[in-house]
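In what follows, chains carry the letters A, B, and so on, assigned in the order in which the sequence lines appear, proteins first and then strands, with residues in each chain numbered from 1.
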Number of protein chains: 2
Amino acid sequence: MRSHLRIFLTSLLALAAGLALGARVLAAGDPLPSWRDGAAKQEIVAFVKETTDPSSPKFVQPAKRIATFDNDGTLWPSHPMYTQLAFAMDRIKALAPRHPEWKDKQPFKAVLDNDLEAVAASGEKGLLGLIMASHAGMSTADFEKIVTDWLEKAKHPRFKRPYTDLAYQPMLELLEYLRANGFKTYIVSGGGIEFMRPMTEAVYGVPPEQVIGSSIKTKYEMKDGKPVLMRLPEINFIDDKAGKPVGINMFIGRRPVAAFGNSDGDRQMLEWTGAGGGARLMMLVFHDDAEREYAYGPANGLPDTKFGAFSQSLMDEAEKKGWVVISMKNDWNRIFASK
Amino acid sequence: MRSHLRIFLTSLLALAAGLALGARVLAAGDPLPSWRDGAAKQEIVAFVKETTDPSSPKFVQPAKRIATFDNDGTLWPSHPMYTQLAFAMDRIKALAPRHPEWKDKQPFKAVLDNDLEAVAASGEKGLLGLIMASHAGMSTADFEKIVTDWLEKAKHPRFKRPYTDLAYQPMLELLEYLRANGFKTYIVSGGGIEFMRPMTEAVYGVPPEQVIGSSIKTKYEMKDGKPVLMRLPEINFIDDKAGKPVGINMFIGRRPVAAFGNSDGDRQMLEWTGAGGGARLMMLVFHDDAEREYAYGPANGLPDTKFGAFSQSLMDEAEKKGWVVISMKNDWNRIFASK
């Protein structure tokens, strides 16, 4: 019996050693293969090491490992326009037969004429009208189906692929790397919360309860004896700029230790994240790769844009505060998963 | 080598069998010892079995195992008044020296006179005034400290113990039992989200990001070069009655499969939960135990109350829809953890 026990224990030890070896081999594989070696990648790896090593003075308890990611321009493209605006325009076109008056009414006429400049010229009020006409007046379940159907069929005008194929591969690796190290990954976007939720789990591995975004009001109603939530043409919350820390506090109730953005809309989220104690990682994706994706600023003299502008003052704040600016051109050896 | 390998594999099988046996022994222990054997307990156990057994037609994928719990009257007492109202009154008293005008102004005078009837008589507008005076005008960080300090010192007037000692033991067991079976447990309360978050993790095992509640607006500001979120005297969201499905959809983006409440404020949450397909569990705690806790309705002829009323029409809907009514008196052999 004793010798059997010894053999059993020896076998177990061998098994344990084998498992440990396997883990080490896995760990030795590069978790961020689409990131070129450079400052950005080194900052990420160093941050994960110091926050997950229990002997590190900057160790962060697993429950407090919260990382927040902007969506448009950070996880997938925001050019030539926000994906949600493309959806709204397609939706207006689909609804147009029921609204003959739109033919002569701006900004609807501009949408039907594919006149993006006139759409933009309609300003905030015009865009709000488009959003309400395309996003409100149905139940949350119906809206989810409309968005899901659209995402299956719609294609990006330049890359000719579904928008959901255009997640940035380096950011997918970063999301997965953080999760593998005990981080809870959240999306914190100016985009519509119910526009994102139908796809975030499949595309980013982020479940609906970890998506924070802008929203319109909903109302609980009984329809044919069944409860529904009806989407009302009224703004509930704008999760952008100073709204991002507000949304983070509302939904999560904890300050993130890491935050990732790409535009002036993310400035306050990074400030709020950086104002906490201990280890912090704040990063901004800079779109400087016209060849493989897009190039815009106006920071560093790149062209200005209406969709996801990265101002010079944001670049200056990043430098002053030690936020890491990711150059798509230099830091990523691959942009999309499927290219 | 071959024989070593065989011994190794045999040992592994023995180990696996031992582990499986251990798991079965553990499972055989009663996970709900404070629940008396009866319909309520049986419904819970049957629900967990059918939703977690992969061979069951009512199996629910782990990611969709969402359970929502009201707080006041469901997880801890709401009598003789809501804990948050006791906090607001204590806070008004603490602030009174800085507000000499309150001595002659209702409902502040009523609070300072400990005249609960006059407080109640001030109506919704009066109560709102008390909430704003006690809950707004500071940063979220300062408010968290104020609440934490109060919870450490304040005692329930009848049970003479900290409020956080008065969580219902059967409900703590239920929360733990659900979590052990892969459910994500949420609090969905009419109470203030930032009033609950400082204690939900320690008391209920529910982290701040799984707490949904009523809220006032906050505003992102720079103070001495540091960003803060200031609490404004303006309602943001009321997470009660028809607001509960709205809050659930906003924060979670999934329909719960189980929901637990105790009053008319939870009716729509249970309706919304019950309207989904597949296995469902809806339960209402009925306070019929004046001796060990409180007894109120007005359902079943018990006295009416301003705090957590359980109307006869709610009782009728529960019966009609198969919602399980938990009798504190008959279904629980123990009320509090520490008694």
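- Separation of atoms CG (Asn236(B)) and CG (Asn236(A)) is listed at 7.5 Å; rounding is to 0.5 Å.
- The distance from atom CG of Asn249(A) to atom OH of Tyr220(B), rounded to the nearest 0.5 Å, is 12.5 Å.
- For residues 200-210 of chain A, a heavy-atom distance under 4.5 Å to chain B picks out Glu201(A), Pro207(A), Pro208(A), Glu209(A), Gln210(A), given by residue number.
- Heavy-atom distances place no part of Lys241(B) under 4.5 Å from chain A, backbone and side chain included.
- The parts of Met250(A) that come within reach of chain B are both its backbone and its side chain, each placing non-hydrogen atoms under 4.5 angstrom from that chain.
- When Gly213(A), Ala63(A), Pro227(A) are compared by the number of non-hydrogen pairs under 4.5 Å with chain B, Pro227(A) comes out ahead.
- Contacts between Lys184(A) and chain B at a heavy-atom distance below 4.5 Å involve the side chain alone, from C-beta outward.
- For chain B, the nearby part of Glu194(A) is the side chain; its heavy atoms alone come within less than 4.5 Å.
- Ser215(B) touches chain A through its side chain: at least one heavy atom from C-beta onward sits under 4.5 Å away, while N, CA, C and O do not.
- For NZ of Lys145(B), the number of neighbouring non-hydrogen atoms (other residues, nucleotides, ligands) closer than 6.0 Å is 12 at most.
- At a 4.5 Å heavy-atom cutoff, the contact between Thr218(A) and chain B is made by backbone and side-chain atoms alike.
- Heavy-atom distances place both the backbone and the side chain of Leu229(A) under 4.5 Å from chain B.
- Contact of Tyr186(A) with chain B is made through the side chain alone, with heavy-atom distances under 4.5 Å.
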